Amino acid sequence: MSKTQNAIISSVRTVMGWVPAQWLPGGTPDPLIERRAAIGRQASRLDGPLKVAGEARFAAEVAMDRLCYAALVHSPVTRGRITRLDTGAAETAPGVILVMTHRTMPRIGTLPLIGITDLSAVGNSSIPIMLDAEIRYNGQVVAAVVAETQEQADHAASLIEIDYAIDAARTRFQDARPDARTPASLLMDKNHVSIGNAERELKRAPHRVDNMYRTPAQNHNAIELHAVTAAWEGDSLVLHDATQMIAPSAAALAKLFGLKREQVRVLSPFVGGGFGGKGLWDHQIVAIAAARLAGRPLRLMLSREGVYRMIGGRSPSEQRVAIGADAEGRFTALLHTGYSVMPPYGACPEPYTLGTRALYGARSFEIMQRHLDLDIVPNTFMRAPGEAIGSFAVESAIDELAHAMGVDPIALRLRNLPERHPISGAPFSQHALGQAYAEGAKRFGWDRRHAEPGTVREGEWRIGMGCATGSFPYARMPGANVRITLRGDGTAVIACSAQEMGMGTATVQAQHAADRLGLPLEAISVELGDSALPAAPMAGGSSQTASIAGAIAAAATKLAGELLRLAGNDSPIAGLRAGEVQLVEEGIASIADPTRRESYRSILARAAREAIAVTAAGSAPLEFLKFAMHSSSAIFCELRVSAVTGEVRVDRLLGSFDCGTILNPKTAASQFRGGMIMGLGLALMEETLFDERSGRIMNPSLADYHIPAHLDVPEIDVIWTGIPDPRSPLGARGIGEIGITGVAAAVANAVFNATGKRIRDLPITLDKLL
Amino acid sequence: MTPISYSRATSVAEAGRLADGAGARLLGGGTNLVDLMRKGVERPSRLVDVSGLSDAIELARSGSLVIGAAARNSAVAAHPLVRQRYPMLARAILAGASAQIRNMATVGGNLMQRTRCLYFADVAGSRCNKREPGSGCDAVGGFNRYHAVLGTSPACIAAHPSDMCVALAALDARVQVSGPGGDRMIPLVDFHRLPGDRPDRDTVLDPGEVIVAVELPASPFAGRSAYRKVRDRSSYAFALVSVAAGLTMREGRIEEVAIAFGGIAPKPWRASRAEAVLRGGPAAGAAFAAAADAELADAAPLAGNAFKLALTRRTLEAVLSELTGGSL
Ligand SMILES: Cc1cc2nc3c(=O)[nH]c(=O)nc-3n(C[C@H](O)[C@H](O)[C@H](O)COP(=O)(O)OP(=O)(O)OC[C@H]3O[C@@H](n4cnc5c(N)ncnc54)[C@H](O)[C@@H]3O)c2cc1C
């Protein structure tokens with residue numbers, strides 16, 4: 001994003017620095033941090049029984065009358081133009097309703113790219129969707145076939161003949177370097193950070209490491225394939241989508257198709273995994289347009305190959321990390337620079353240096369990223385974009401420095417933990433990485449590690465231990481709205497358009513609402529997944545829990561006001577003001593004198609109301625502009641490497657997390673473990689085989705693109721400090737992404753400890769260890 | 001996917017009759033063929049299901065074990081006679097694919113499964129001489145980590161992916177086939193072809209021929225045999241290198257020995273040169289190394305798979321060392 005954005009954000013941050021904390025949301029700690037009943041208790045996911053019974057309905061499973069099916073044709077060419085397009089055979093194939101190409105695609109605009117301009121800016125790509133004959137990347141959609149059955153559509157798609165005039169394409173990472181761009185900012189942060197003269201400090205430092213680290217491209221592989229069922233009802237559109245951005249998609253689609261907001265409804269009650277990949281891409285738009293042309297409801301589910309071809313993944317990177325340290329191991333220079341891919345028509349940088357700005361102090365810093373422009377499907381966010389791979393480079397480098405200095409890598413890290421945010425100088429809201437390390441090390445048995453690499457053997461296996469820090473920033477999104485409906489029978493419904501992707505959103509917010517309203521857990525139900533409900537932001541940046549929690553808190557305050565009004569003068573609570581009451585024990589009570597109380601049932605009964613409903617938006621998320629708010633983790637790994645074959649087998653993994661209040665141990669542990677398993681994949685096997693000669697992805701299937709199989713996943717131990725963050729709703733920070741961070745470095749560091757071989761190039765495949 | 005007709009064969013003769021002619025393919029468990037049809041690599045117009053033919057696993061009077069072509073991979077691996085007499089075969093099968101795939105896959109289909117070369121599978125975007133003779137090979141200059149280092153030709157470097165066949169090659173298995181020209185018995189090591197200039201032909205099977213059974217002669221190796229598979233993850237990955245080996249010892253020397261490699265050649269690779277070096281010799285590290293040298297002498301590695309030479313060597317040496325009772 002732009003220089004102006006940098007200026008705006010940095011001036012807001014400056015102003016925030018002057019504003020007293022208590023004026024801010026989160027300025028005084030959320031009372032629920034102390035007053036927890038349902039929160040923090042183990043609770044099973046509300047959606048569990050539905051999923052086990054096969055009753056949870058996903059986007060590709062919605063039944064509709066007269067439903068037709070679509071199949072897509074992708075360009076096998078990377079750059080060029082369509083010169084001949086013969087759809088004759090496809091059009092006359094059995095069951096075919098229509099073939100849509102750039103000749104027949106309704107004229108629509110292009111999507112505003114993901115950004116902070118407004119909430120409908122959610123596009124991953126600004127390339128026109130099937131509107132012209134241009135080919136801009138390999139896999140681009142060039143035609144859609146609509147038929148009575150999926151098989152008929154698939155078959156007809158194979159009958160379409162297309163000739164292309166082929167142009168030279170930019171597909172080689174190394175060749176693109178000379179034209180690299182230096183963006184002004186990375187998401188909300190300034191890109192270039194230069195404090196002191198880091199190169200000079202590095203040269204002078206008595207201890208230093210200076211190396212290049214490489215990470216490969218990766219693709220999204222959520223178990224649920226991207227799918228939509230689109231139905232036009234007159235001029236209104238109903239879209240059943242697998243999406244992690246329900247309300248923003250509805251707003252963006254309304255704009256794109258020239259409709260009013262109320263005319264578009266996006267439903268997505270369950271999503272089978274998102275991880276950043278389930279945004280708004282070409283397939284939804286093609287499906288909506290084709291449904292309009294067909295005049296019938298239409299289903300489009302991408303094939304697994306289709307997901308690889310048209311949904312972006314994680315950018316490859318090449319990162320230089322250099323650290324200088326004084327005799328005591330204090331960092332005098334920290335340099336983190338490098339290259340990743342982001343075509344100009346894309347929206348998502350891979351911000352691998354963001355974590356580096358917040359974790360360790362140093363006398364001097366030099367941090368800057370450059371973007372390479374390749375002709376590819378635009379890359380997008382993928383679980384812990386930036387931190388997942390940035391932490392591999394930095395945390396490997398620290399391990400290298402520790403080894404070179406002959407000090408314990410944990411001690412070296414703790415020596416460099418900063419008092420305040422090392423770049424902005426902002427105070428940390430809460431930060432206990434030291435404690436996470438201490439507790440993790442003890443439980444893991446770190447003291448049994450042999451510092452000298454290659455010294456522990458068991459038969460042909462060399463055994464090693466490694467650790468690394470993970471981190472992820474806190475975020476709360478603006479524009480989170482929630483409706484609370486309190487019923488006369490003492491139950492309540494929480495409703496908003498947020499997304500349930502299997503992480504336990506509904507479950508945890510039910511626990512939250514129970515405590516916020518003083519109701520038993522069973523009295524709460526949660527409605528999500530529908531853009532007709534009050535708008536919630538997208539699920540991204542590990543921010544959904546805090547964002548909705550902030551809105552529930554605001555709505556509860558409003559509800560208290562309504563209840564006071566409704567209670568009137570004949571109530572024990574008459575005369576109290578909103579700030580003087582709290583919602584407890586199924587009613588409203590004076591904080592100063594808890595005997596002054598009246599139950600919800602009684603208030604509603606007296607007022608002859610079946611229910612009352614309030615809707616409120618969460619306060620502006622200013623807390624993270626004033627405070628440095630980061631979660632962190634200490635990851636420990638023990639593994640074995642075959643001296644014969646170089647095969648790596650991970651025996652144990654432990655994550656010790658400092659992420660604020662843990663709202664539900666069961667769902668949290670599952671998020672952490674899932675992230676750590678994905679981290680194992682990042683460390684050992686995940687890699688998109690992008691053929692640089694052609695610009696084509698060569699392993700678009702789960703047979704050829706490796707993710708960990710069950711046998712690759714060891715016992716994973718997960719613990720946490722549980723220390724609440726006094727600046728966030730519920731004291732919680734996000735936990736969805738941090739699990740993956742730090743894992744690749746912990747594995748690489750353990751491989752070094754086992755073998756004495758330092759692998760700076762992911763994934764760590766056996767050939768690198770022969 | 002192209003429209004197809006489907007029929008079930010109730011006898012070998014019927015299968016042969018139905019499968020005779022262009023456009024027909026036999027269908028076993030479908031775990032390979034159906035995938036290839038989805039990708040457009042195979043475009044049959046007729047499927048003849050042979051999964052109902054004999055799946056019996058029986059001892060013949062000769063002492064051989066006869067395994068019907070329709071026997072499921074998991075059934076073979078679990079069979080007591082296989083586990084007792086040919087443990088290396090059980091291990092090889094269990095090292096392959098996933099439990100679900102093994103439950104579907106048949107012995108006939110496993111023998112006939114096609115290469116996993118990424119360019120072979122990519123109809124829309126890549127050239128491949130195996131798929132389309134004469135079109136060129138994109139694997140040579142591309143991703144060839146999984147490709148062959150032995151027995152390749154300028155036209156094709158694809159590796160044969162099967163684990164089961166590697167053990168069969170070491171066990172001197174024979175393939176019983178039946179076709180328009182009558183029945184014949186083909187030694188497994190001659191069943192698969194080297195690519196030469198006809199990489200489209202994986203095997204010596206003629207059109208209309210059906211695999212009826214696989215025969216395993218009595219084996220002296222049950223006591224000392226192994227199948228070791230080296231792969232990119234702990235399960236559900238094809239072999240980068242695999243070694244099937246069995247031997248007998250006499251007075252500290254290797255008496256009989258059989259070795260086959262997987263993952264490094266266009267066919268299950270019987271390592272007769274290595275065997276010749278070892279036979280009658282001492283069970284010593286130097287002999288193991290010489291055996292590996294002899295077998296790999298003609299290897300033609302590429303950028304992506306050169307590591308397989310060292311890997312094959314090390315894996316063979318480790319397996320031999322284990323089988324002869326030594327430690328590493
Ligand atoms: C994801 C994945 C991973 C895998 N991993 C491994 C692995 O690690 N190791 C491994 O060894 N294998 C692996 N496999 C391959 C698997 O072993 C084969 O797909 C399976 O053995 C094929 O058997 P099938 O019965 O399903 O064959 P089909 O798919 O039915 O047929 C395959 C071919 O055999 C022909 N055929 C079938 N029966 C006969 C017959 N009686 N006579 C003549 N021709 C016949 C068919 O016409 C077809 O050409 C994997 C497969 C998949 C999909």
Side-chain angles (χ1 to χ4, degrees), chain A residues 73-78 93-94 138-139 150-152 154-155 157-159 303 305 309 457 459-460 642-650 680-681 684-685 687 689-704 706-714 763 765-770, chain B residues 1-4 31-32 35 38-40 43 97-99 101 116-119 121-127 138-139 141-146 161 228-238 240-243 304-319 321-322 327-328:
Chain A
V73 179
H74 302 272
S75 165
V77 161
T78 299
N138 200 305
Q150 186 66 58
E151 291 74 16
Q152 289 169 334
D154 290 344
H155 173 57
S158 74
L159 301 176
S303 62
E305 176 180 354
R309 299 264 173 251
R457 276 188 85 141
E460 71 171 65
S642 164
V644 175
T645 63
E647 286 165 296
V648 178
R649 299 290 179 252
V650 176
L680 280 182
L684 297 173
M685 57 192 87
E687 179 173 17
L689 299 179
F690 178 80
D691 195 325
E692 289 205 325
R693 300 170 303 171
S694 61
R696 189 161 172 83
I697 292 171
M698 291 311 303
N699 58 343
S701 86
L702 282 170
D704 301 308
H706 286 178
I707 58 171
H710 280 296
L711 210 52
D712 295 302
V713 181
T765 47
L766 58 87
D767 47 306
K768 296 172 187 171
L769 292 165
L770 282 178
Chain B
M1 213 187 244
T2 317
I4 43 166
T31 60
N32 188 224
D35 265 4
R38 288 210 182 95
K39 290 176 173 160
R43 296 169 177 274
S98 66
I101 292 172
R116 308 301 295 196
C117 172
L118 301 173
Y119 300 90
D122 182 25
V123 173
S126 305
R127 298 175 308 155
D138 278 333
F143 294 110
N144 45 45
R145 176 178 169 76
Y146 276 88
R228 180 153 180 180
K229 177 176 180 181
V230 184
R231 48 189 141 171
D232 275 332
R233 60 181 165 187
S234 307
S235 83
Y236 201 38
F238 288 91
L240 290 163
V241 168
S242 69
V243 177
N305 66 8
F307 73 94
K308 285 186 174 179
L309 299 190
L311 189 60
T312 305
R313 190 181 303 274
R314 286 153 165 251
T315 310
L316 177 66
E317 289 175 26
V319 166
S321 160
E322 195 189 310
S327 62
L328 285 175

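Owing to the predicted nature of the structure, the values given are computational and were not obtained by experimental measurement. Naming: A, B, ... by sequence-line order, numbering from 1 per chain.
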Peer 1: Name the region of A:Leu680, side chain, backbone, both or neither, that has any atom closer than 4.5 Å to a heavy atom of chain B.
Peer 2: neither
Peer 1: I'd like to check B:Leu311 versus A:Leu766 (side-chain heavy atoms, cut-off strictly below 4.5 Å). Are they in contact?
Peer 2: yes
Peer 1: Which region of A:Met685, side chain (C-beta onward) or backbone (N, CA, C, O), has a non-hydrogen atom less than 4.5 Å from a non-hydrogen atom of chain B, or is it both or neither?
Peer 2: side chain
Peer 1: Is A:Asp704 close to chain B through its backbone or its side chain, or both, or neither, when contacts mean heavy atoms under 4.5 Å?
Peer 2: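 For A:Asp704, side-chain heavy atoms alone lie under 4.5 Å from chain B.
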Peer 1: Would you mind checking which part of A:Ser694 comes under 4.5 Å of any heavy atom in chain B, side chain (CB onward), backbone (N, CA, C, O), both or neither?
Peer 2: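 No part of A:Ser694 comes within 4.5 Å of chain B.
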Peer 1: Does A:Asp712 reach the side chain of A:His706, with side-chain heavy atoms less than 4.5 Å apart?
Peer 2: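 A:Asp712 does not reach A:His706 side chain to side chain.
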Peer 1: Heavy-atom pairs under 4.5 Å with chain B - which of A:Thr765, A:Leu770, A:Leu159 has more of them than the others?
Peer 2: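 Among the listed options, the one with the most contacts to chain B is A:Leu770.
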Peer 1: Between B:Tyr119 (side chain only) and B:Phe143 (backbone N and O only), is there a donor and an acceptor less than 3.5 Å apart?
Peer 2: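 Yes; judged by distance alone, with no hydrogens or angles, the pair exists.
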Peer 1: With a 4.5 angstrom heavy-atom cut-off, is it the side chain or the backbone of A:Ser642 that approaches chain B, or both, or neither?
Peer 2: side chain
Peer 1: So how far is it from B:Tyr236 OH to A:His710 NE2, rounded to the nearest 0.5 Å?
Peer 2: 11.5 Å
Peer 1: Quiz question: by atom type and distance under 3.5 Å, do the side chains of B:Asp232 and B:Tyr146 form a donor-acceptor pair?
Peer 2: yes
Peer 1: Report which part of A:Ala93 has an atom under 4.5 Å of a heavy atom belonging to chain B: side chain, backbone, both, or neither.
Peer 2: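 For A:Ala93, there is no contact with chain B at all, as no heavy atom is under 4.5 Å.
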Peer 1: Below 4.5 Å from any heavy atom of chain A, which atoms of B:Arg231 appear? Answer side chain, backbone, both or neither.
Peer 2: both
Peer 1: Salt bridge check: are B:Asp138 and B:Arg127 linked by an N-O gap of less than 4.0 Å?
Peer 2: yes
